[in-house]
Amino acid sequence: MNYSLAIHGGAGTILRSSMTPEKEQAYHLALRESLIAGENILAKGGSALDAVTASIVSLENCPLFNAGLGSVYTNEGKHEMDASIMEGSLLEAGAVSMLKNIKNPILLAKTILEKSEHVFLCGEGAETFARDNGLNFEPDEYFNTLFRKEQWLQALNEDQILLDHNGLNEKKFGTVGAVAKDRNGNLAAGTSTGGMTNKKFNRIGDSPIIGAGTYANNNTCAISCTGHGEYFIRGVVAYDVSCLMEYKGLSLKEACEVVILDKQVRLGGEGGLIGVNKMGDVALVFNSEGMYRGCIKEGEGLETKIYK
Ligand code: ASP
């Protein structure tokens, strides 16, 4: 059986006109590195779960995306990260939210999936679990990137809570995610984010919520979302795609298009998702101007894209 892998680095108002060739190249390179990190595992017969984790770790360690190192600032000038991961054979899952100082939130979500009797941990409790399990912590300064600080100061000045933006009238969602099918036919999905710039009240988006931002089931699909989290939670987006396939017999592509191009548009939710099914077909669907994305299928070339 052939493997497939797809990744995203967020959707939103990503316009050619506001991009320099150097920046564009940096994004393509980072997406490529992430795909290669995941593919190295799949090509050796490794699991979809490990591949998804490796691809996301690579994106979390890159300052270009709103996850891990490049996470946006909260209203208090801190970083609060959310992540989740799920595998499609036993429907096992791990999720974390409101994390501070954890270098790779996706590794903590995976450790919960593998070692905890629970699915969803948050805040200080999740950090204690991380410490007990030897995960890497970083000081506040590690997450203090200049680009994000400028975004936050601008948002603070305007008293706005913004989705990872690059201009006051532009929305950009820099969350990262990956979905994969391995050679044994197992599916997995994962998502990791810093959430919204200038967020208050321990706001949590869709990314750590199983069924909203992330879902995997070997019988249907594996999905990772990016977009305006409030709408994606209300649309139970990732599970809705799976349900349309399971109960209505839609193909992966049809189900993704119904959810993102019709239902989310009617609800007002901007964003997109990536999906893979048990045949290894890949879907990369978004209703925004662009989505940082890429995919690779065994025996076919690697592809990375930004715009429509
Ligand atoms: N969905 C994420 C959230 O609402 C944002 C993103 O996709 O960048 O937290």
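Note that ligands are numbered from 1 as they come in the structure, with each ligand's atoms numbered from 1 the same way.
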Would you please indicate yes or no on a ring centroid separation below 6.0 angstrom for Y27 and F65? yes
Could you list which atoms of ligand 1 come closer than 4.0 Å to a heavy atom of G174? 8 (O)
Given T191, which partner from the list D82, D206, T214, T226 fulfils the side-chain hydrogen bond (donor to acceptor under 3.5 Å, both in side chains) test? T214
Which of T175, I14, L64, V176 passes side chain to side chain contact (heavy atoms under 4.5 Å, CB included) with Y292? It is I14
Compute the shortest N/O to N/O distance between H228 and ligand 1 and return yes if it is under 3.5 Å, no if not. no
Using heavy atoms and a 4.0 Å limit, tell me yes or no: is G195 in contact with ligand 1? yes
Would you mind checking if E230 and R203 are paired as a salt bridge, meaning a charged N to carboxylate O distance below 4.0 Å? yes
Tell me the contacting part of C225 for ligand 1: side chain, backbone, both, or neither, using a 4.0 Å heavy-atom threshold, strictly below. neither
So the atoms of ligand 1 within less than 4.0 Å of a heavy atom of G227 turn out to be 1 (N), 2 (C), 3 (C), 4 (O), 5 (C), 6 (C), 7 (O)
For ligand 1, find out whether one of its N or O atoms is nearer than 3.5 Å to an N or O atom of T175. yes
What part of E270 sits under 4.0 Å from ligand 1 if we count only heavy atoms: the side chain, the backbone, both or neither? neither
For ligand 1, which atoms sit closer than 4.0 Å to a heavy atom of T226? 6 (C), 7 (O), 8 (O)
Between K253 and D281, is there a salt bridge with N-O shorter than 4.0 Å? no
Strictly below 4.0 Å, N to O, side chains only: are K110 and D50 in salt-bridge contact? yes
For ligand 1, which is the ligand I care about here, please tell me if N66 has any N or O atom under 3.5 Å from one of the ligand's N or O atoms. no
Does a side-chain N-to-carboxylate-O contact under 4.0 Å join R293 and E303? no
So for R203, does at least one of its heavy atoms come nearer than 4.0 angstrom to any atom of ligand 1? yes
